[in-house]
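Below is one structure, written out as C-alpha cells; the observations come after it.
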Amino acid sequence: MGTKGNTGENKTRSPLSIIIVFGLCCFFYLLGSWQRSGYGKGDRIAVQITQQTDCSILTDLNYETHHGGELLNEVKKFKPCTDTFIDYTPCQDQARAMTFPRENMNYRERHCPPQEEKLGCLIPAPKGYVTPFAWPKSRDYVPYANAPYKSLTVEKAVQNWIQYEGKLFRFPGGGTQFPQGADAYINDLASVIPLDNGMIRTALDTGCGVASWGAYLMKKNVLAMSIAPRDSHEAQVQFALERGVPAIIGVLGTIKLPYAPRSFDMAHCSRCLIPWGANGGLYMMEVDRVLRPGGYWILSGPPINWENSYEAWQRPKEELQEEQRKIEEIAELLCWEKKSQKGEIAIWRKRENCRERVSRATMCDPQYATDVWYKKMEACITPYPETSSPDEVSGGEWKQFPDRLNATPYRIESGSVPGVSTETYQDDIKLWSKHVDYYKRVNKLMDTGRYRNIMDMNAGLGSFAATLDSPKLWVMNVVPIIAEKDTLGVIYERGLIGIYHDWCEAFSTYPRTYDLIHANRLFSLYKNKCNAEDILLEMDRILRPEGTVIFRDEVDVLMKVKRIAAGMRWNTKMVDHEDGPLLTEKVLFVVKQYWVAGENNSTSV
C-alpha cells in the first residue's frame with residue numbers, strides 16, 4: 001500500500017491507505033498538541049508521526065456525508081460536573097452506602113443510582129492533574145495532584161505503606177504484614193509456592209490496601225486482581241490504579257465475587273480483617289469457588305500465630321484460638337491441605353482432585369456456579385469438575401505462562417463453552433492479531449508504554465489482551481453479563497484477568513483509572529438494553545485525560561457514537577476496516593481532551 005521504502009516509485013494508493021495516512025496526520029498531530037499534562041510527550045510524538053507520514057495526501061471520502069453526518073450539526077453538549085464529583089464512584093457512593101445495613105459489609109457493596117439520579121455530566125480531573133509516570137516508575141511514585149489525599153501517610157506511617165515527598169507520593173513497598181518490604185515477603189511465600197516458573201500466573205488479593213503485594217508480584221510475571229472497599233482508608237484502590245496495578249473497588253460481603261469458578265491460581269489475605277471462620281465459612285467457600293484445583297491460599301496476620309501475638313493484637317487468646325480452629329476445620333472441609341505455617345503466615349493448597357469429602361459437606365448446585373451477578377453467597381461448596389481417575393487434575397492440567405496464553409484452554413477442549421472449538425479459538429487468535437496490528441499502524445503509541453492500564457469492555461475469548469501481552473501493560477477483560485457466551489473462565493485459563501459486568505451500570509473503579517479502552521461491538525450488544533449516552537459518560541469517567549478509546553462496530557452504530565462523543569470533549573477519527581472500505585464494520589479512534597476542574601473549556605465539536 002502506498003510508496004514502499006525509499007525506492008522512489010510512485011504507486012497508486014488504495015482508499016484504505018489514503019484514510020490511514022490522512023487519519024495519522026490529523027489525529028496524532030492533534031494528539032501531540034493536546035498533550036498538555038505534566039509528563040506528556042505530545043509535541044515530540046507529533047513531530048515523529050508527521051515525519052513518518054505524507055500529510056499532503058487528502059481524501060474526498062467522508063463518512064459523515066454518506067452515513068447521516070448531517071446529524072452532527074445537532075450536537076448535545078455535556079456540561080462538566082461540579083468539582084465535588086472529582087472522585088465520584090456511582091455504585092460505591094459514600095452517602096448512599098450509609099443508607100444500607102452494615103451487617104456483613106452490605107453497605108460497602110455495589111449500590112448503583114437509579115436512572116433519575118444519574119449525573120449526566122462529565123467528571124472533571126483535579127486541578128494540576130498530570131499523566132502518571134510510565135511503568136515501572138509508577139509503581140513507586142504517584143503525583144500528589146492526581147489523588148490529593150494524605151490520610152494514609154499518617155494512618156499507615158509506621159507500616160511503610162505510603163509517604164508524601166514534595167509533590168509526589170512514594171510507595172516504599174511496605175505493608176502491615178510485611179514491614180521489611182513486599183519483596184522479602186514474596187520471597188518467603190516463594191519458598192512454599194512455585195512463583196518463579198510460570199505455574200502461578202493469576203492471583204486474588206482481598207483487602208489489598210494500596211496493592212503493593214500485587215505491584216511487586218509483577219516482577220515474577222504474576223498478575224494480581226486487588227480488591228478493597230471504598231472505606232475509611234481513603235483512595236487505596238485509586239492509589240493502586242494510579243500506580244499501574246490492577247484493582248477494583250470490592251468487598252467480601254453478601255454478594256458473590258464477579259469472577260468465574262476456578263479463576264485464580266492463588267488467593268491472598270494480609271491482615272484483611274475478613275472474618276474467615278464466620279457465617280459457617282461462607283467467605284472461605286467463596287474463595288474456594290474462584291480458586292483453581294491445585295491453587296494456593298495465603299492467610300497472613302490474625303489469627304495465625306495467635307499464641308505469640310495475642311498481646312500485640314490486644315485480643316483474648318481464647319477468641320483467636322477458636323478463630324483459627326474454625327479456619328482449619330473449614331479448610332479441611334474444602335479439601336485444602338496446609339502446606340506451611342511460619343510466623344504469622346499460613347499457606348494452604350487446594351487439592352487437585354477431591355473425590356472423597358466428609359459427609360457433612362453441603363455441595364452447591366454446579367449449574368449456578370457462574371451465575372454470580374448480584375447473587376447472594378451461599379454456605380455450600382462448589383463441586384470440582386468430574387474426572388475419570390483419582391490422579392487426574394480436576395479442571396485440566398496446569399500450563400506454564402506464557403505457554404498457556406495461546407494453548408487451548410480446558411474449558412474449550414471439554415466443550416464447556418458452547419459454539420467454541422479448538423479451531424474457532426485458534427481462528428480468534430489470528431483475527432485479533434490482525435486487528436491489533438492494524439490498531440498499532442494507526443496509533444503508533446500503543447507499543448511505547450504510553451498505555452499501562454487497558455480495558456477491553458467486551459473481551460470475548462481475551463485474544464485482544466493476549467495479542468497485546470507485555471510487561472508494559474495489563475488488560476482488564478470485561479465479559480458483559482448479557483454476552484452470548486460466558487468466556488471469563490477461558491480468559492483466566494489463558495493467564496489473563498477479567499471480570500463480569502453490566503455496562504448499564506457504572507464500573508467498580510475511580511475516575512481516570514484507564515489509559516486505553518477497547519470496545520468491540522459493545523454498542524451493538526447493548527442496543528435497546530440501556531442508554532448509549534450513559535455508557536459513553538461512564539467511559540469518559542474512567543478514562544484518563546488524553547486517554548484513548550478504540551471502538552469497533554457497524555458504521556451506523558459508530559456514527560451514533562460519534563455524534564454523542566462530539567459533545568463530550570473527545571476528538572474522533574473514523575477509519576475503514578483493515579480489509580477495505582466495502583466492509584460495514586469500521587473503527588473509531590478517540591482521544592479525550594485534557595481539561596481540569598475550574599476550567600471554562602468549551603466542548604470541541
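The basis for the numbers below is simple: all heavy atoms, side chains too, and nothing from hydrogens, waters or symmetry mates.
- Residues I274 and M105 fail the side-chain proximity criterion, which asks for heavy atoms closer than 4.5 Å.
- The line from OG1 of T370 to NZ of K375 is 10.0 Å long, rounded to the nearest 0.5 Å.
- A parallel orientation is assigned to the rings of H111 and F100, their planes being inclined by less than 30° (bins at 30° and 60°).
- Here the two rings, on Y514 and W474, have centers that are under 6.0 Å apart.
- Screening T509, I248, V142, I542 for a side chain to side chain contact (heavy atoms under 4.5 Å, CB included) involving L241 leaves a single residue, T509.
- Ring-centre distance between Y216 and Y185: not below the 6.0 Å cut-off.
- Atom NZ of K317 has 12 or fewer neighbouring heavy atoms from other residues, nucleotides or ligands inside a 6.0 Å radius.
- D265 pairs with exactly one of K220, R201, R292 by the salt bridge (charged side-chain N to carboxylate O under 4.0 Å, His left out) rule, that one being R292.
- Using cut-offs of 30° and 60° for the angle between ring planes, the F507 and W503 rings count as parallel.
- A donor-acceptor pair under 3.5 Å is absent between the side-chain atoms of D288 and the main chain of M284, judged by distance alone.
- The main-chain N or O of P126 is never found under 3.5 Å from a side-chain atom of R512 such that the two would form a donor-acceptor pair.
- Of all heavy-atom pairs between I186 and L217, the closest is CD1-N, 3.7 Å.
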